[in-house]
Each structure stands twice: as C-alpha cells, then as structure tokens.
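Down below is the structure, laid out as structure tokens.
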Amino acid sequence: QVQLVESGGGLVQPGGSLRLSCAASGITVSKCTMSWYRQAPGKEREFVARMSRGGSADLADSVKGRFAISSDNAKNTVYLEMNSLKPEDTAVYFCRAQLIRTYWGQGTQVTVSS
C-alpha cells in the first residue's frame, strides 16, 4: 500500500521559511516523478515543484528563486524548502508521486501571516 505523509507545515510570518517533508512508503521516490502542489481556499490545485526520476527539478514561476525541491533517497523522503514566504503562499501543500499510477498525500497547511 502506497502512502505519502506530508509534514512541516505551520504558521510563519512573511519573509520566513519552512521545510516540508513527504515521507513515502510502498514506493521508491527515486523511481518516481515526485511533485509538490498547493491549493489555496477557493482556488484550484496548482503545481509548485517537480523532481524527475533523473533528478532534474522544475519550479513554478511564482516560486522560482524562493523554493527548492530535493530528496533523501536513504530516507525515501522528498522535501520542499520554502524561503521568503509571502501571504499568497498560504495554502494546503500536497505531495504527489507518479509512476504508473498517481498517488497523493493528505496535505499539510502552510499559513503565511503576520
């Protein structure tokens, strides 16, 4: 059974930083395309960052220069490092794994507010 468990969300002030984690079980993250998406209230889920099986990374324009995606294959975990956070980054952040099928985590709330 595949499980993706996100953690690391919380309340942070504008300009602050957070690191989200996505711990995977039942799949090997290095063999999948791993992505982060987010969904703000009243909005559609949107792409944030992606790491391909080859290790190349892709980021949405709105987060380039502020966010980074990485992985620790020994821990079978993918991370989203978020810096210079803005109120518009407030959303539920979801981890996604894509192999033959697509799997989603349950999400973790990130709130950027003073």
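Nothing here was measured: the structure is a model prediction, and the numbers come from that model. Numbering starts at 1 and runs along the sequence shown.
- In this structure, CZ on F67 lies 5.0 Å from CG on L85, to the nearest 0.5 angstrom.
- Here the shortest heavy-atom pairing between S17 and S84 reads OG-N, 4.4 Å.
- V112 and L20 fall within a single hydrophobic cluster, where Ile, Leu, Val, Met, Phe, Trp and Tyr are joined by side-chain heavy atoms under 4.5 Å apart, directly or via other members.
- Residue pairs meeting the salt bridge (Lys or Arg N to Asp or Glu O under 4.0 Å) criterion with at least one partner in residues 31-41, sequence neighbours excluded, are R38-E46, R38-D89.
- There is no path of hydrophobic side-chain contacts, each under 4.5 Å, that joins V63 to V92.
- Taking CG of D58 as the reference point, atom OG of S56 lies at 7.5 Å (rounded to 0.5 Å).
- Screening L80, N83, V110 against L18 for a side chain to side chain contact (heavy atoms under 4.5 Å, CB included) leaves a single residue, V110.
- For R45 and Y37, the positive end is not near the middle of the six-membered ring at less than 6.0 Å and at most 45° from its axis.
- Of the inter-residue distances, the one linking I69 atom CD1 with R50 atom CZ reads 9.0 Å to the nearest 0.5 angstrom.
- Residues passing the ring-ring contact (aromatic ring centres under 6.0 Å, His included) test with Y103, sequence neighbours excluded: none.
- In this structure, the separation between SG on C32 and CZ on R53 is 8.0 Å, given to the nearest 0.5 Å.
- Legend: salt bridge (Lys or Arg N to Asp or Glu O under 4.0 Å) pairs involving residues 67-86, not counting sequence neighbours: none detected.
- The 12-atom threshold is not exceeded at CD of E44, counting heavy atoms of other residues, nucleotides or ligands nearer than 6.0 Å.
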**Request:** Assess whether side-chain contact (heavy atoms from CB on, under 4.5 Å) is satisfied between M34 and S71, documenting all intermediate values.
**Result:** CA-CA 9 Å; M34 300 299 299; S71 65; over 6 Å; no
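- Not a single donor-acceptor pair under 3.5 Å links the side chain of N73 to the backbone N or O of V29.
- A distance of 5.0 Å separates CD1 in I27 from CG in L4, rounded to the nearest 0.5 Å.
- Not a single donor-acceptor pair under 3.5 Å links the side chain of Q39 to the backbone N or O of A91.
- Residues R66 and M82 have side chains not in contact (no heavy-atom distance under 4.5 Å, counting atoms from C-beta outward).
- The shortest distance between side-chain heavy atoms of W36 and C95 falls below 4.5 Å.
- Taking CG of L59 as the start and CE of M51 as the end, the distance is 9.5 Å to the nearest 0.5 Å.
- Put simply, the side chain of T108 gets close to the backbone of G9: a donor and an acceptor are under 3.5 Å apart.
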**Prompt:** Checking side-chain contact (heavy atoms from CB on, under 4.5 Å) for the pair S7/V5: CA distance, chi angles, key distance, verdict?
**Reply:** CA-CA 7 Å; S7 61; V5 180; 5.6 Å; no
**Message:** For S113 and L11: C-alpha separation, side-chain torsions, deciding distance, then whether side-chain contact (heavy atoms from CB on, under 4.5 Å) applies.
**Reply:** CA-CA 7 Å; S113 175; L11 173 64; 4.2 Å; yes
